[in-house]
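To start, the structure under review is shown below, and the notes come after it.
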Amino acid sequence: MATRALVYLPPTLRAGEPFEVRVTLQHPMETGFRPNENGSLLPRNIATRFEARIDGQLAFAADLYPAIAANPYLAFWLRTERNGTLDCQWWGDHGLAHTERRPLVLAG
Amino acid sequence: MPGLRARLLVAAAAAASLAPLSPAAQAQASPAPRLAGWQELSPALQAMQRDDSQNPAWLWLADAQAAWAQPAGPAQQSCATCHGPHPQASMAGVAARYPAWPAGSPAPLNLAGRINQCRQQHQQASPLPPDHPELLGLTLLIATASRGQPVAPAPGPQMDGLRQQGAQLWGQRLGQLNLACTHCHDQLAGRQLAGARIPQGRATGYPAYRLEWQALGSLQRRLRACVTGVRAQPWPPGAQEWLALEAWMAQRDAGMGVEAPGVRP
């Protein structure tokens, strides 16, 4: 199944005013410490890095670790002065690389 | 898990002291006001369920919205071919009356079973296994079309028979702990099982995102967890006992609002 991610932006954005972004990535976040039914360890499979970029410029980043539950949810605040695009990117084990692009359109 | 074992033994001891209930009494056994599933959650979980941007079940919903329009099977028909592109309108109220006995069906069906029947009849596709993510997602998509609508169990003598069987199972002691559903979820509901509140056992939030599973799961999966929790042998998958319990729980919840997608601890 393709990787699925949710990105929520407020319905109206205003220049210079902070807005909250909420992102959820569909991911098992397998810690690498859990045994399977045969007693051997399940290989680690986690997302390790999240970055949010406005027009290519890094605006927010987070490192993710095995203690984070499945389907990691992040909420953070951004601010922009002009229309642009928001790129939300995740990287992780087993070649995980996922990008969600959203337009940032200011009101008024 | 020794902690859970000790907790359940305490619950068993508490329940053993309770007088057995006649099936007729069980139907009315909840003198406390009925609470919706979300009302028994912690404030943090309530917020998580209420806010669509925090509820992880929306990951499955996003997949289901894509699957709704995706042709499947040799017939190359999608859900949208027959039911239109807007399930929120065309499927409104459907989830509130399931489990039901659809016309032409040899057996009663829950919503997931009805979707599989649709797949086989109209898409000529193979049925999805129980708890398949796509089946859960489609079930949830149809359930959200009934969000807030009162649960209205399907009428009819055939369904009455199934509900009766479910009510009997609800009051039947099971497993090494010798507990029936009614002991915890009617008689001890609202009290604590160690750190956890014993809920009234409402089915209106399912399919729900359960934190313990870290995934979306069906009501039958939740029931299975309860049956193994009292250390009973679960009925085989697809057994009528599960459906009878579902039908009885819908009767118990009649009139309460559908709240899928629920978030449960």
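If you're wondering where the values come from, they're calculated on a predicted model, not measured in any experiment. Each chain gets a letter, A, B and so on, in the order its sequence line appears, and its residues count up from 1.
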Look at atom CZ of B:R197 and say whether more than 12 heavy atoms of other residues, nucleotides or ligands are closer to it than 6.0 Å. yes
Within residues 63-91 of chain A, contacts to chain B at heavy-atom distances under 4.5 Å involve A:A69, A:A70, A:N71, A:Y73
Positions in residues 69-91 of chain B that reach chain A, provided some heavy atom is under 4.5 Å away: none
Strictly less than 4.5 Å between heavy atoms, which residues of residues 48-57 of chain B line up against chain A? Please order them by number. B:D51, B:D52, B:S53, B:Q54
Taking all heavy atoms of B:A62 and all of A:R4, pick out the closest pair and write down the distance. O-NH2, 3.5 Å
For chain B, which residues of residues 17-24 of chain A have at least one non-hydrogen atom nearer than 4.5 Å to it? A:R22, A:T24
Of all the heavy-atom pairs spanning B:D63 and A:Q26, show the shortest one and how long it is. OD2-OE1, 3.5 Å
